[in-house]
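Atoms considered below: every heavy atom in the structure, side chains included; atoms not considered: hydrogens, waters and symmetry mates.
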There are 2 protein chains.
Amino acid sequence: MADKYDRLKLDNQLCFPLYACSKEVVRRYKPYLDKIGLTYTQYITMMVLWEKGEIGVKALGERLYLDSGTLSPLLKTLEKKGLLERKRDEEDERNLIVRITKKGLALRDEAVDIPLKMGACLNIDAEEAQTLYRILHKLMSDF
Amino acid sequence: MADKYDRLKLDNQLCFPLYACSKEVVRRYKPYLDKIGLTYTQYITMMVLWEKGEIGVKALGERLYLDSGTLSPLLKTLEKKGLLERKRDEEDERNLIVRITKKGLALRDEAVDIPLKMGACLNIDAEEAQTLYRILHKLMSDF
DNA sequence: CGCGATTTAATTGTGTACAATGCAATTGTA
DNA sequence: TACAATTGCATTGTACACAATTAAATCGCG
């Protein structure tokens, strides 16, 4: 019963489960992230800052695959929350540096259990998770 | 060098590559979708209509994992483009039915090559694609 | 050195996503 | 059969995403 439109069926797409799973996982983070007052995008931004302490907006965008249209307002929001500081690079005034604050660093202790809680609520075993991780990273090596 | 914050590192997340790959794949569709005047979300909506001809908004939302807040304006946009008609179910006026138009059906011929073109521009072989598909669908079975 | 090209963040405009709320139609039940 | 509960789409408000444009700072070449 193959017809020339078979490839256009939703069930035959790889993009759609990727898109649907991504949204669902973000949705499942929400209850935990609400408790610490972050959105998902703010959370991955804080992850980078927890690890690096400070970073330029350009490098941050490359790490998160986000551009300034997304990051500029988001970083201002996080500054308003007192989690980071924004300052111009004195060497080159074009660059904006974001640096984590004490309050931002303290938030890490409230976030530390989130990854385990999330893992527990996903229907995936360790081996499949690792396979998924590997394939997705291989895809990303091409971006 | 393991510390208690290791799980909070971006590189140790499964959610992040999922999120990044999903966005990147949608971004790569854009040049092809621009040619037929659809966004990605409009494209997957049309996929359902190409297959089913007509469907209620509730069932459409369940199929795409989207709610009325997303679908209501999107379906009005597609109606304005002349690709579908919106009408109330005469049996139960609460239900809105969307039905594809001739113009909407004709668009399928312009879209038919998109899945192959997309497949060609992703750095993934057939076996990995199948594994990825299987794992993501297993995840989705839980939504 | 002067000045056009490049780099970088910010802004603007469009289109999702989704929680929360509103509201009209229908259903279930006393 | 009233009427409270439920259902289903629409609306509102918030927050991304990202393309395109702008504007300021720096670079590089003649």
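Between the P atom of C:dT16 and the CZ atom of A:Arg27 lies a distance of 17 Å, rounded to the nearest Å. If you measure from atom CD1 of A:Ile97 to atom C1' of C:dT8, you get 12 Å, rounded to the nearest angstrom. Computed from coordinates, the A:Asp92 CG to C:dT8 P distance equals 8 Å when rounded to whole Å. Atom CZ of B:Arg94 and atom C1' of C:dA25 are 5 Å apart (whole Å).
Counting non-hydrogen atoms of neighbouring residues, nucleotides and ligands closer than 6.0 angstrom, the CD atom of B:Gln130 reaches no more than 12 such neighbours.
Between A:Tyr65 and B:Tyr19, the distance from one ring center to the other does not fall under 6.0 angstrom.
The pair A:Asp109-B:Lys4 counts as a salt bridge, with a side-chain nitrogen and a carboxylate oxygen less than 4.0 angstrom apart. Here A:Lys9 does not pair with A:Asp11 in a salt bridge; the nearest charged N to carboxylate O distance is not below 4.0 Å. Using a 4.0 Å cut-off between charged nitrogen and carboxylate oxygen, A:Asp113 and A:Lys35 do not count as a salt-bridge pair. Salt bridge status for B:Glu93 with B:Arg88: absent, with no side-chain N to carboxylate O gap under 4.0 Å.
One finds a side-chain N or O of A:Lys58 lying less than 4.0 angstrom from the OP1 or OP2 phosphate oxygen of C:dT8.
Nucleotides of DNA chain D with any atom under 4.0 Å from a heavy atom of chain B span, from 5' to 3', D:dT7 to D:dA19.
In this structure, CG in A:Leu66 is found 7.5 Å from CG in A:Leu60, a value given to the nearest 0.5 Å. Rounded to the nearest 0.5 angstrom, B:Leu132 CG and A:Arg134 CZ are separated by 10.0 Å.
Taking a 4.0 Å limit (strictly below) on heavy-atom distances, residues 29-56 of chain B reaches DNA chain C at B:Thr39, B:Thr41, B:Gln42. Of the residues in residues 63-89 of chain B, those with a non-hydrogen atom less than 4.0 angstrom from any atom of DNA chain D are B:Ser68, B:Gly69, B:Ser72, B:Lys76, B:Arg86, B:Arg88. Contacts between residues 10-21 of chain B and DNA chain C, defined by a heavy-atom separation below 4.0 Å, involve no residue at all.
Counting only heavy atoms from C-beta outward, the side chains of A:Tyr40 and A:Lys30 never approach each other to under 4.5 Å. Taking 4.5 Å as the limit, some side-chain heavy atom of A:Leu18 sits within range of a side-chain heavy atom of B:Leu18. Residues A:Arg7 and B:Val112 fail the side-chain proximity criterion, which asks for heavy atoms closer than 4.5 Å. Residues B:Val48 and B:Leu64 are in side-chain contact: their nearest non-hydrogen atoms beyond the backbone lie under 4.5 Å apart. Residues A:Asp125 and B:Lys138 form a side-chain contact, since some pair of their non-hydrogen atoms from C-beta on lies under 4.5 Å apart. The shortest distance between side-chain heavy atoms of B:Glu85 and B:Glu54 does not fall below 4.5 Å.
Among the heavy atoms of the strands lying under 4.0 Å from A:Glu91 are primed sugar atoms or P, OP1, OP2 only; no base atom is included.
The only member of B:Lys103, B:Arg99, B:Arg86 that meets salt bridge (Lys or Arg N to Asp or Glu O under 4.0 Å) when paired with B:Glu79 is B:Arg86.
Both key distances under 3.5 Å define a Watson-Crick or G-U pair, and stretches of 3 or more such consecutive pairs in DNA chain C run C:1-30 with D:1-30.
Legend: residues meeting salt bridge (charged side-chain N to carboxylate O under 4.0 Å, His left out) with A:Glu24, ordered by chain and number and at least two apart, are A:Arg27, A:Arg28.
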